[in-house]
Amino acid sequence: MTFPSWPDGSAHALEEELLQTWQRERLFEQTREATRGAEPFVFYEGPPTANGRPGIHHVFSRTIKDLICRFQTMQGRDVTRIAGWDTHGLPVEIEVEKRLDLRGKRDIERYGVAEFNALCRESVFKYQSEWEHLSDRIGYWLDYQHPYVTCTNEYVESVWWVLARLHQRNLLYRGHKVLPYCPRCGTVLSSHELALGYEDVTTNSIYVTFPLADDPSRQLLVWTTTPWTLLANVAVAVNPDLEYGEYQVDGTRYILATARADLPVSSAKDAGTFADLGPVRTFPGRELIGLGYRRPLDVVPLPEDQRSREVIAAEFVSAENGSGLVHIAPAFGADDHAMGREHDLALVRPVAADGTVTGTDWPAIEGQLVTDKSTNDAIIQRLKEDGRWHLTEPHRHSYPHCWRCRNPLIYYARDSWFVRTSAVKDRMLDLNQTVGWHPPEVGSGRFGEWLENNVDWALSRDRYWGTPLPVWVCQDDPDHVTVIGSYQDLAERWGRPLPEAFDPHKPFIDEYQWDCQCGGTMRRTPEVIDAWFDSGSMPFAQWHYPFEHAEEFEQHFPADFICEGVDQTRGWFYSLLAIATTAFDSPAYRNVIVNEMVLDAAGQKMSKSRGNVVDPWEVIERFGSDTVRIYLLASSQVWFPKRFDERAVLEVAGGFFDTLKNSYRFFALYAGEWTPGGEIGDPLLVDRWLDSRLNATIAHVTEAWAGYDVTAGVRAIMEFVVDDLSNWYVRINRNRFWAPDAEADPVALDTLYRALVAVSRMLAPAAPFVADWLHRALVGTSVHLARFPVPDTERDQALELAMDAARRLVSLARAGREDANLKVRQPVARLQVAVPREVPRETFRTLFPLIQREINVKVVELVASDTDLVRLQAKPNFRSLGKRFGKRTPAVAQAAARLVPEQLRALEEGGSVILEVDGEPIEYLSEDVTVERVVTSDWVVQSDGPYVAALDPELTDDLRREGMAREVVHRVQRLRKEAGYDYTTRIAIALDGAEEVLAAVAGHSEFVAGETLARRLDIGERAPAPDVEADVAIYGATITIGIGRFE
RNA sequence: GUGGUCGUAGCUCAAUGGUAGAGCAGCAGCCUGAUAAUCUGCGGACGCGGGUUCGAUUCCCGUCGGCCACCCCA
């Protein structure tokens, strides 16, 4: 057979062509068929939201997912790879709001919820085809024919089912809590969403004075970073054990913690501090407790039946910042809320659900958004007018923002629905222990610590486009609650069959109501749920479990493997675990690879605003997706941040593919009509060596990938191809593939062929295109239907050691040649080598011919002792000496210099010797001393530890003549190339010029003719009509070489 | 602010309580009938200050800088 030549076009073109072939062959389906019914390997695809474009970081995690899934498929596992789309939630709503230019919920309601949601449903698939296309283009195989889609009726029903189940288990409840709340989106956020939106901001914090009710000249100095919350102030908290002081400024006595007395006494530029002034008196905070005060901004009515405007005690108050007196507004802070309950404080909430001020008798501020700077400015202005303002101070802190709309959040008390995850916290921690995290730190650290601080999952969202919360509440008695777990259940309650075109979304679902047993009306609570709950439900909802596919679900739960970016730690990784724990008391995944972010070349986060976003399409077109995939996998562990630098892409992956391509080209060039599987002779040592290295590599890669270390496996393949296969095996065996007038050695062809086939199979999960091209070229079938290679022979450790020694010595001898200015073409008479004991002598000796060829030396000798070549010298090993000798270490180390060669050799061979140090016998053990070698002989000696190579530098006339002949061969070869001859072209050579050179050639005419394919060699003549002719200097003497075709 | 993490050759990174190692880039050279391949040679007192120790890049404390996470922080 003949092997096709590697296409000349770009990697991009090759990949595009293969994609068409794959499609034509329905290759993905074929691979699915091939392992159907085998032991399953369960993979869950984290559903992307299809309303944003995919980026390079998606290529990253998809490459890892693809690698593991392909690998497991090639191991014969039945790998489920179902695509999924996350379709609900705020991101989708916000996209639509922007498109319609709506500003908030009121606009949406005016526009019509039904119409709005219809647009949301549509917009989700805006980028779907681009996602599918990109996944396809990078070779990410996923079943896009039957994806799970979180907004379908089936999916929603499964989510309802699990919510009803949680309710049965008393894990779903309604609570009134202060929660992070986005005024723009008009909804609460969960703690994991909160984590996504912290930003450093500078706001104006203010110090405000609260005159005491019975003595207005004594004033509490109170600090706040959110002036608008003063509208709802009902108390001031002090720490009863903290020291406070009264400071007299003019007619006023300010009260603040003495630890905070470095505050200025006024806003004047040159104002001194309270500390400068000194306190009139000091006292513990408990003295203040119970005192009444005049509240600032008296614009909100306070209920009479509850306490307000008084000083209360709170342990959490510290003097770290502020004044040591904390303003309490129970509606707008979690601590405040707790204090309010504890002390029966009034709760006023002069802020509407849209974040605007309401219910005050201050017209100027009514309707203002509390997070607007102007609102705070107005409040500060009024405080100034009222004489209650003391100081404004810019305050820089990280403050939570809505992770979707970037607006600042407020803390806001309202009714919400919660999943009681804190009740299963310990269980989640236990189950998390069973998960194989890669890297482990994320699981134990970032994720584990997060679980330790678990709070109940704030599930409900006061929005429109989401899975509706299937909770119906009695209008008359809010304690009458029904949670619907299926559509059948709904129909039964409702009393009629559901309509044909039933849509469980808002607003339609809100029309379903029925009579409560108490006579009231059961209506659905208006909220939808957190979209993270949707995606966390995919293990069962993708099967419409328990309504369908119960068996499939059970076989596919939990997952063997998931993989997402580190940003999903509190996202999908958590929602999967939380739901699996509460609903099934099980982990949702057994192994997870957490990949880090892809940064730009400068290490900056990619963001649209910075304009440093890498377009995956562009990069793939330039390099090909295999190159990008290999780069992302191999440049560093996937859990380290990647600096995406285009130069680095070629550095890491380009060289490897070039080498692989050239190895194949070399093989195809010389394979000719050779057909694998035929009769071949006995393998040589080098062939067995390559087999051994190949088997070692297969074992290494298999182990790495089975253990989810994708990088180690990829690197092992790359090292094998570059170091062992190309740069050593092919190079040293060139003459077996091409020898003048001879067929290529079938044993070498077979060895190289098998190695290339195995490489293509190992590479298939990582670089599916190139691997497939290669496999088709070598074998004729797709690599993706092949099994992953299995080591087929034992490793030959002795041979690998011997070859390793040979390679080292070749390197050393070359360095020696450089040193002595002896070109490799100049033969030398002898090379003496020394190797450490563990190198098996006999095997090593059989490699001498190889060393001879590589070094161009006539004789290689293994010396028993290297004393003739080098002087031995002791280098003390402080590590082992230090352990035994402590303070005497330096003396003992120094004394080691006195060890004589016999002693050093004894040490090197594992013995021990005794030496007297400071009048005391000291025993040196083998590990105490490293023996170094210093060159002493006249020979050219290079050493690397116990490996020594020594060249006899003396050149006889014979050697010189041979060197000249080789030099002439070299020149002729260059001229052949210049003439553009084919490598089989027979030529005629004419040489004229320096006698010395001509004589040398004459003496080696057979060699020269053989190497250059010369059928005619005219010495001392000029060619009559050469194709190429040149004057060249050989050892300083000039000759003229002319070559032409031999007809 | 709190906690973590990192700070080593131009770049990317490694190792170690014992005197610093690799890859890439650069320069010089070798080799080459596959190669923009290989091979050989050339560089750094490990952010700063202090401590523990016979000895610290490695341990401890502080400090500066980068990154990450947490946070009701008034």
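Throughout, a chain's letter reflects where its sequence line sits, starting with A, and its residues are numbered from 1.
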* Check: A:Asp1027/A:Tyr981 side-chain N/O donor and acceptor closer than 3.5 Å -> yes
* To do: Name the nucleic acid region contacted by A:Arg814, choosing base, sugar-phosphate or nothing; use a 4.0 angstrom heavy-atom cut-off, strictly under.
  => sugar-phosphate
* So, is B:A45 syn or anti if syn means the angle is within 90° of 0? -> syn
* Watson-Crick or G-U wobble partner of B:G17, both distances under 3.5 Å -> none
* Asked: Counting side-chain heavy atoms from C-beta on, which of B:G29, B:A74, B:A37 comes nearest to A:Glu818?
  -> B:G29
* Tell me which nucleotide among B:C73, B:C39, B:A37 gets nearest to the side chain of A:Pro400. => B:C73
* Asked: A:Val824 has a side chain; which of B:A74, B:U35, B:C30 sits nearest to it?
  -> B:C30
* Asked: Does any N or O in the side chain of A:Tyr753 come within less than 3.5 Å of the main-chain N or O of A:Leu778, such that one atom is a donor and the other an acceptor?
  -> yes
* Would A:Arg1015 count as a cation-pi partner of A:Phe1046, with NZ or CZ less than 6.0 Å from the six-membered ring centre and within 45° of the ring normal? -> no
* Options B:A74, B:U35, B:U40, nucleotide nearest the side-chain atoms of A:Ala815 -> B:U40
* Asked: When all nucleic acid strands are considered with a 4.0 Å heavy-atom cut-off, which category describes A:Arg976: base, sugar-phosphate, or nothing?
  -> base
* Tell me which of A:Leu669 and A:His327 sits closer to the 5' end of RNA chain B, going by the nucleotide each one is nearest to. => A:Leu669
* Taking the side chain of A:Tyr411 as its heavy atoms from C-beta onward, which of B:C72, B:A34, B:A37 lies nearest to it? -> B:C72
* **Interatomic distance, A:Lys823 NZ vs B:C30 C1' [rounded to whole Å]** => 8 Å
* Donor-acceptor pair, A:Tyr293 side chain versus A:Ala235 backbone, under 3.5 Å? -> yes
* Taking the side chain of A:Asn662 as heavy atoms from C-beta outward, which of B:C30, B:A74, B:A34 is closest to it? -> B:A34
* Taking the side chain of A:Ser811 as heavy atoms from C-beta outward, which of B:U38, B:U40, B:A34 is closest to it? -> B:U40
